[in-house]
Amino acid sequence: MENNLRKQDQFNEHSYDLHANWYNTLYPEKEQKIKVIKSLNSYKGSINHWLQELFFKCLNPFTKDKNAKWLTLGDAYGHDARYLLDQNIHDVTASDLDDSFLKVSHEQGFIKDFSAQNAESLRLEDNSVDYILCKESYHHFPRPYAALYEMIRVARKAIIIIEPQDPISKMPTLLYLANLLGRINDRKINKIWKNRFSYETVGNFVYKVSEREFEKFAAGLNLPMIAIKKLNPNFWFPGSEHIKADRKEKAFRRILFRKKIRDFFSCWGILPSQTLSIAVFKNMPTDSQKKSLIEEGYRLVEIPKNPHIKNPSY
């Protein structure tokens with residue numbers, strides 16, 4: 001048992017090293033990093049930029065508070081922090097496991113503040129920031145739940161996770177077949193559920209999220225509410241940063257058509273959405289923020305108070 005735990009700890013450290021070195025392996029020279037940062041300023045109006053805006057639109061109900069203090073996690077070169085700064089939010093810290101790329105971003109004036117942070121062990125005080133944004137990074141973590149508890153410890157108001165959705169709980173037919181085949185031969189499940197075990201080149205298992213696991217997470221900590229938005233933004237392809245998001249472009253028209261079909265299927269529960277934006281609140285949001293969340297397409301899930309805790313001391 002002790003040896004198994006030691007191996008797990010060793011894998012965590014190995015995973016951290018792989019991810020910390022990933023962008024330095026891709027862009028070892030400072031000039032290469034600068035080129036990437038400059039490309040982020042020039043890709044506006046492209047298909048890639050349009051797709052990223054679908055993600056960032058989920059933040060609209062939160063960015064109305066210009067005085068809030070934000071932390072972004074897994075923000076390799078500060079792209080998420082830059083978006084928040086562009087919304088006239090002044091106190092934004094970009095963070096990643098390794099801050100060498102963020103240093104260059106800071107030198108180039110792309111971001112303001114930055115920090116090297118491990119999401120699973122944040123070097124920050126309790127309730128020291130208002131919001132934590134973890135966009136397309138959670139699925140890289142070797143111990144994602146450790147990161148969740150760290151985020152909720154450090155955030156004062158809410159954490160926002162934007163990640164691919166695990167489809168199994170939303171596809172009863174697939175779930176039924178998986179259960180049936182599991183009784184015969186577990187390996188046969190993989191033939192119908194192709195991405196049951198997905199891994200990315202950097203070395204991580206793709207940890208997709210579900211609505212139910214965040215309901216349980218909030219209930220376990222006696223938190224008041226979560227908000228869930230479904231979206232379908234996963235139509236990126238190589239070279240999309242060089243093609244305009246213009247209906248005159250055939251590639252863009254194709255994406256609009258495919259997205260319209262997927263949105264229709266997701267709306268009627270035929271297929272799950274590709275991605276979820278999930279906000280977990282430490283305190284009940286105000287009525288105006290609830291209204292903004294609903295207008296942005298979020299579904300609000302109020303978590304019942306634990307009836308066995310009369311006078312919580314926290």
Side-chain angles (χ1 to χ4, degrees), residues 8 11-23 25-26 48 51-52 54-59 71-81 83 94-98 101 117-122 131-152 154-155 158-171 174 190 193-218 226-238 262 266 271-280:
Q8 289 169 8
F11 177 76
N12 296 342
E13 296 302 324
H14 182 55
S15 178
Y16 302 150
D17 289 341
L18 288 173
H19 283 79
N21 295 324
W22 180 245
Y23 280 99
T25 301
L26 290 177
N48 192 12
L51 292 171
Q52 283 297 310
L54 296 178
F55 287 100
F56 286 130
K57 206 178 166 195
C58 298
L59 302 179
L71 172 71
T72 62
L73 293 177
D75 196 3
Y77 32 79
H79 183 234
D80 301 342
Y83 174 82
S95 77
D96 198 25
L97 264 173
D98 178 80
F101 213 138
Q117 294 287 346
N118 182 336
E120 296 179 5
S121 182
L122 294 171
Y131 296 109
I132 293 179
L133 172 62
C134 185
K135 171 181 165 287
E136 300 179 279
S137 299
Y138 184 80
H139 70 269
H140 284 275
F141 303 155
R143 301 181 306 160
Y145 266 88
L148 264 189
Y149 289 113
E150 277 293 89
M151 284 186 257
I152 210 71
V154 171
I159 63 175
I160 302 107
I161 315 289
I162 305 177
E163 286 294 331
Q165 178 172 202
D166 190 340
I168 190 69
S169 64
K170 294 295 181 180
M171 299 180 74
L174 179 60
N190 300 336
W193 186 2
K194 298 296 185 182
N195 62 350
R196 181 186 180 194
F197 299 109
S198 332
Y199 299 90
E200 292 183 321
T201 310
V202 65
N204 64 286
F205 166 72
V206 180
Y207 194 101
K208 297 180 180 180
V209 302
S210 70
E211 298 176 27
R212 180 59 180 156
E213 69 183 284
F214 279 86
E215 288 178 352
K216 293 188 293 184
F217 170 73
I226 67 171
I228 303 161
K229 180 180 178 180
K230 302 173 182 179
L231 60 154
N232 294 303
N234 298 340
F235 298 100
W236 178 87
F237 59 90
R262 187 63 188 248
S266 298
L271 286 175
S273 64
Q274 297 169 334
T275 300
L276 294 176
S277 176
I278 303 176
V280 182

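Residues take their numbers from the sequence shown, with the count starting at 1.
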| field | No-hydrogen, no-angle side-chain donor-acceptor test under 3.5 Å, Glu120 and Tyr16 | value | yes

Sequence neighbours left out, what passes ring-ring contact (aromatic ring centres under 6.0 Å, His included) with [X]? Give chain and number order.
X	value
Tyr23	Tyr77
Phe205	Tyr199
Phe214	none
Tyr207	Tyr138

Salt bridge Glu213-Lys216, side-chain N to carboxylate O under 4.0 Å |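 Judged by the 4.0 Å cut-off on N to carboxylate O distance, Glu213 and Lys216 do not form a salt bridge.
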
Separation between [atom1] of [X] and [atom2] of [Y], rounded to the nearest 0.5 Å:
X	Y	atom1	atom2	value
Lys135	Glu163	NZ	CD	9.5 Å
His139	Cys134	NE2	SG	9.5 Å
Gln117	Leu71	CD	CG	6.5 Å
Glu215	Ile226	CD	CD1	5.0 Å
Asn204	Ser137	CG	OG	10.5 Å
Asn232	Leu51	CG	CG	11.5 Å

Subject >> Asp98: partners by side chain to side chain donor-acceptor pair (under 3.5 Å), with sequence neighbours left out >> reply: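 Side chain to side chain donor-acceptor pair (under 3.5 Å) list for Asp98, sorted by chain: Asn24, Ser100.
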
For Lys208, enumerate each residue passing the side chain to side chain donor-acceptor pair (under 3.5 Å) test, keeping only those at least two apart in sequence or located in another chain.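 By the side chain to side chain donor-acceptor pair (under 3.5 Å) rule, Lys208 matches no residue at all.
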
If you look at every heavy atom in [X] and [Y], which pair is closest and at what distance?
X	Y	value
Ile278	Ser210	CD1-O, 4.2 Å
Gly203	Phe11	O-CZ, 4.4 Å
Leu73	Ala119	CD1-CB, 4.0 Å

Do [X] and [Y] touch side chain to side chain, with heavy atoms closer than 4.5 Å?
X	Y	value
Leu97	Trp22	no
Leu148	Ile161	yes
Glu150	Arg143	no
Asp96	Phe101	no
Leu59	Tyr83	yes
Leu231	Lys57	no
Ile159	Val154	no
Pro233	Thr275	yes

Only residue of Lys229, Lys170, Gln165 satisfying side chain to side chain donor-acceptor pair (under 3.5 Å) with Ser273 is Gln165

Whether [X] side chain and [Y] backbone form a donor-acceptor pair below 3.5 Å:
X	Y	answer
Asp80	Asp75	no
Ser15	Glu13	no
Asn48	Trp236	no

In this structure, is the centre-to-centre distance between the rings of His79 and Phe56 below 6.0 Å?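 Under 6.0 Å, so yes.
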
